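In what follows, a structure is listed as structure tokens, so that the remarks can point back to it.
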Amino acid sequence: DAGVIQSPRHEVTEMGQEVTLRCKPISGHNSLFWYRQTMMRGLELLIYFNNNVPIDDSGMPEDRFSAKMPNASFSTLKIQPSEPRDSAVYFCASSRGPGELFFGEGSRLTVL
Amino acid sequence: AQTVTQSQPEMSVQEAETVTLSCTYDTSESDYYLFWYKQPPSRQMILVIRQEAYKQQNATENRFSVNFQKAAKSFSLKISDSQLGDAAMYFCAYRSAVSGNQFYFGTGTSLTVIP
């Protein structure tokens with residue numbers, strides 16, 4: 001069974017550019033989470049979806065961040081315009097019911 | 001909101017020895033799940049062990065075991081016969097079984113294994 005798949009693994013971009021991170025959750029999982037990890041702030045929940053519906057987006061830093069889940073097998077996290085302080089590792093994770101989270105390998109974003 | 005506290009930012013252990021990582025949490029709920037995740041330098045978060053709050057028996061997975069004290073809201077991880085591959089960041093996490101799907105993570109403990 002394939003795990004959570006994220007792309008790209010690494011992204012280097014310039015300030016002001018649009019960044020789109022992608023996630024394919026594990027088939028059959030009904031919850032999807034986006035996290036951001038930095039040395040300074042640790043692991044932060046950005047948003048989570050339940051049955052493709054955004055439930056809590058209070059962790060989204062500001063209007064520059066948006067997330068979508070058009071179907072059960074795909075989600076995107078978009079940053080527009082990107083800023084250097086957005087540099088971090090972004091994780092996608094999925095779960096089925098109230099069980100454990102399964103994480104992807106993360107997308108390392110560097111904004112110059 | 002629930003909070004998860006890991007009071008040990010860094011720990012070290014001699015190879016083959018035993019180490020215990022601490023975790024406490026705050027909740028008013030009675031039904032929930034607790035987890036320990038491992039994040040090696042490769043950065044992927046890997047589930048180490050899980051504990052359902054309604055189970056009195058402490059969970060065990062090979063060399064990893066927990067000491068779950070529900071009344072004290074404590075959930076420590078014991079690693080026996082430590083191996084070099086155990087070196088990683090360890091995160092404690094809480095998830096309610098009833099109110100929403102959100103996970104709450106601690107700030108992590110960095111474990112060094114000394115050869």
Side-chain angles (χ1 to χ4, degrees), chain A residues 2-10 23 25-26 29-60 69 75 87-110, chain B residues 1-10 23 25 27 29-55 59 61 64 66 68 75 77 88-110:
Chain A
V4 175
I5 299 172
Q6 290 187 246
S7 65
R9 290 293 313 278
H10 304 274
C23 175
I26 294 173
H29 283 192
N30 62 339
S31 295
L32 183 139
F33 300 72
W34 283 100
Y35 285 90
R36 177 171 69 176
Q37 187 177 40
T38 61
M39 289 292 292
M40 291 296 294
R41 300 174 70 91
L43 200 60
E44 301 175 276
L45 176 66
L46 300 177
I47 185 171
Y48 77 90
F49 296 84
N50 197 35
N51 295 321
N52 311 339
V53 176
I55 302 299
D56 183 356
D57 65 354
S58 59
M60 296 285 262
M69 192 166 186
S75 178
S87 298
V89 179
Y90 290 82
F91 286 101
C92 176
S94 69
S95 72
R96 178 171 54 200
E100 60 265 33
L101 282 183
F102 293 83
F103 283 81
E105 294 183 311
S107 295
R108 180 179 294 280
L109 172 64
T110 302
Chain B
Q2 284 76 7
T3 57
V4 177
T5 302
Q6 293 179 250
S7 58
Q8 307 153 315
E10 297 178 346
C23 173
Y25 57 94
T27 185
E29 299 177 333
S30 60
D31 198 8
Y32 50 87
Y33 299 86
L34 296 165
F35 308 90
W36 278 99
Y37 281 86
K38 170 185 178 181
Q39 187 178 35
S42 66
R43 86 172 181 235
Q44 185 166 16
M45 299 277 279
I46 303 164
L47 179 69
V48 174
I49 200 166
R50 63 178 273 174
Q51 175 81 43
E52 290 89 345
Y54 66 86
K55 289 186 178 178
E61 288 287 342
F64 298 87
V66 298
F68 173 47
F75 183 61
L77 175 70
M89 184 73 83
Y90 287 81
F91 292 92
C92 179
Y94 169 103
R95 186 178 196 180
S96 170
V98 293
S99 59
N101 283 327
Q102 189 165 146
F103 271 73
Y104 297 89
F105 283 88
T107 50
T109 296
S110 177

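Just the heavy atoms: all of them, side chains too, but no hydrogens, waters or symmetry mates, feed the values below. Lettering of chains follows the sequences in order, A, B, ..., and the numbering in each one begins at 1. It should be emphasised that the depicted structure is a prediction, and the values quoted were computed from it without experimental measurement.
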### Message
Taking CZ in A/Arg96 as the centre, count heavy atoms belonging to other residues, nucleotides or ligands within less than 6.0 Å. Is the count above 12?
### Response
no
### Message
Aromatic contact between A/Tyr35 and B/Phe103, with the criterion being ring centroids under 6.0 Å apart: yes or no?
### Response
no
### Task
Identify which part of A/Arg108 has an atom lying under 4.5 Å from any heavy atom of chain B, answering side chain, backbone, both or neither.
both
### Query
So B/Met45 and A/Leu43, side-chain contact (heavy atoms from CB on, under 4.5 Å) or not? Walk me through it.
CA-CA 11 Å; B/Met45 299 277 279; A/Leu43 200 60; 3.8 Å; yes
### Query
Would you find a donor on one side and an acceptor on the other, under 3.5 Å apart, between the side chain of B/Arg95 and the backbone of A/Gly99?
yes
### Contacting moiety of A/Leu45, where chain B heavy atoms sit under 4.5 Å
side chain
## Note on the structure
Between the CZ atom in A/Phe103 and the CG atom in B/Leu47, the distance rounded to the nearest 0.5 Å is 9.5 Å
### Query
When heavy-atom pairs shorter than 4.5 Å are enumerated against chain A, which of B/Arg50, B/Gln44, B/Arg43 gives the highest number?
B/Arg43
### Task
Counting only heavy atoms closer than 4.5 Å, note whether A/Gln37 contacts chain B via side chain, backbone, both or neither.
side chain
### Query
Quick one: what part of B/Phe91 sits under 4.5 Å from any heavy atom of chain A, side chain, backbone, both or neither?
side chain
### Message
Heavy-atom cut-off 4.5 Å, strictly under: side chain, backbone, both or neither for B/Phe35 against chain A?
### Response
side chain
